[in-house]
Amino acid sequence: MDKKIGAYLCSGCGIGEALNLERLARKATAKGAKVVKTHPCLCGDEGNALIAADVANEGVNTVVVAACSPRAMVDAFRLDVPILERVNLREHVVWSHEPKKDGTQELAEDYLAMGLIRAQKT
């Protein structure tokens with residue numbers, strides 16, 4: 001299967017206030033994501049519709065969601081895609097490290113890069 005990776009960055013739950021999402025988006029593109037979008041509530045109907053539209057219209061077949069814990073909002077991310085990878089920016093980065101610090105940003109970028117690589121290798 002030729003993969004077309006979509007990376008979706010949630011800005012809700014304090015993520016957007018603690019991290020530079022433009023920098024995260026650049027990291028996602030550099031690591032192979034063909035579609036990169038940010039939304040304030042990916043787990044809501046609008047956020048899910050955004051992802052579903054890209055799957056239907058843009059050919060995205062591998063989705064990386066950078067938001068909350070994979071243990072949270074499980075039903076909200078039951079997407080109709082062959083590969084779904086979730087990256088925990090909320091609990092592992094934003095809620096446990098000082099916001100707007102270089103180390104916190106770098107940690108978020110590392111987690112995102114690992115999630116993208118897992119999606120590529122799956």
Side-chain angles (χ1 to χ4, degrees):
M1 171 178 87
D2 288 333
K3 294 181 183 175
K4 184 170 184 183
I5 299 174
Y8 299 89
L9 312 174
C10 186
S11 62
C13 297
I15 296 170
E17 290 82 32
L19 300 173
N20 180 333
L21 293 179
E22 289 178 16
R23 196 167 136 188
L24 266 180
R26 286 193 301 273
K27 176 63 107 177
T29 300
K31 289 295 180 184
K34 301 299 182 199
V35 175
V36 180
K37 295 188 178 172
T38 302
H39 192 275
C41 185
L42 287 173
C43 62
D45 291 339
E46 246 183 54
N48 262 246
L50 172 77
I51 298 169
D54 286 348
V55 169
N57 304 324
E58 301 294 327
V60 171
N61 58 15
T62 303
V63 172
V64 176
V65 174
C68 56
S69 168
R71 294 177 55 191
M73 308 307 279
V74 173
D75 290 335
F77 293 109
R78 292 199 194 279
L79 303 167
D80 189 22
V81 292
I83 299 169
L84 170 66
E85 180 67 39
R86 297 206 33 211
V87 176
N88 187 348
L89 293 182
R90 187 176 72 177
E91 290 83 356
H92 285 174
V93 180
V94 172
W95 286 3
S96 56
H97 295 82
E98 196 171 343
K100 298 289 185 188
K101 294 291 183 179
D102 284 341
T104 304
Q105 181 71 32
E106 290 166 2
L107 182 62
E109 291 174 18
D110 285 348
Y111 272 105
L112 180 59
M114 288 185 284
L116 286 159
I117 291 167
R118 277 192 305 272
Q120 291 166 2
K121 302 283 183 186
T122 298

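Excluded from the calculations below are hydrogen atoms, water molecules and symmetry mates; all remaining heavy atoms, backbone and side chain alike, are included.
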Once rounded to the nearest 0.5 Å, what's the spacing between atom CG of Asn48 and atom CG of Asp75? 10.5 Å

Which distance, rounded to the nearest 0.5 Å, do you find between the CG of Leu21 and the OG of Ser11? 6.0 Å

Point-to-point distance, once rounded to the nearest 0.5 Å, from CG of Leu112 to CG of Leu24: 5.5 Å

Any side-chain to backbone donor/acceptor pair from Trp95 onto Cys13? Under 3.5 Å, distance only. yes

Give the cluster check for Ile83 versus Val36: same hydrophobic cluster or not, with ILVMFWY residues linked at side-chain heavy-atom distances below 4.5 Å. no

How far apart are the closest heavy atoms of Leu116 and Ala28, and which atoms are they? CD1-CA, 3.6 Å

Can you tell me how far apart CD (Gln105) and NE2 (His97) are? Round to the nearest 0.5 Å. 13.0 Å

Any salt bridge (Lys or Arg N to Asp or Glu O under 4.0 Å) involving residues 21-36? Give me the pairs, sequence neighbours left out, ordered by first then second residue. Arg23-Glu109

Of all the heavy-atom pairs spanning Ala119 and Thr62, show the shortest one and how long it is. CB-CG2, 3.7 Å

For Ala76 and Cys43, the nearest pair of non-hydrogen atoms, with its separation, is CB-O, 3.4 Å

More than 12 heavy atoms of other groups within 6.0 Å of Glu91 CD: yes

Please evaluate residues Ile5 and Gln120 with respect to the criterion side-chain contact (heavy atoms from CB on, under 4.5 Å), reporting the C-alpha separation (whole Å), side-chain torsions for both, the decisive distance (0.1 Å), and the verdict. CA-CA 8 Å; Ile5 299 174; Gln120 291 166 2; 3.4 Å; yes

Full working for side-chain contact (heavy atoms from CB on, under 4.5 Å) between Ser69 and Arg86: CA-CA 8 Å; Ser69 168; Arg86 297 206 33 211; 5.8 Å; no

Joining Ile, Leu, Val, Met, Phe, Trp and Tyr whenever any side-chain heavy atoms lie under 4.5 Å apart, the cluster holding Ile51 also takes in Tyr8, Val35, Leu42, Leu50, Val55, Val60, Val63, Val65, Met73, Phe77, Leu79, Val81, Leu84

Side chain Thr104, main chain Glu98, donor-acceptor under 3.5 Å: yes

Work out which heavy atom in Ala67 is nearest to a heavy atom in Ile15; give both atom names and the distance. O-CD1, 3.8 Å

Roughly how far apart are Asp2 CG and Asn61 CG, rounded to 0.5 Å? 8.0 Å

Rounded to the nearest 0.5 Å, how far does CD1 of Ile117 lie from CD of Glu85? 11.0 Å

Looking only at heavy atoms, which two atoms of Pro40 and Cys10 are closest? And how far apart? O-SG, 3.8 Å

Give a yes or no on whether Asp45 atom CG has more than 12 heavy-atom contacts from other residues, nucleotides or ligands under 6.0 Å away. no

Determine whether His39 and Cys41 make a side-chain contact, defined as any pair of heavy atoms from C-beta on separated by less than 4.5 Å. yes

If you compare all heavy atoms of Val94 against all heavy atoms of Gly14, which two are closest, and at what distance to 0.1 Å? CG1-O, 3.6 Å

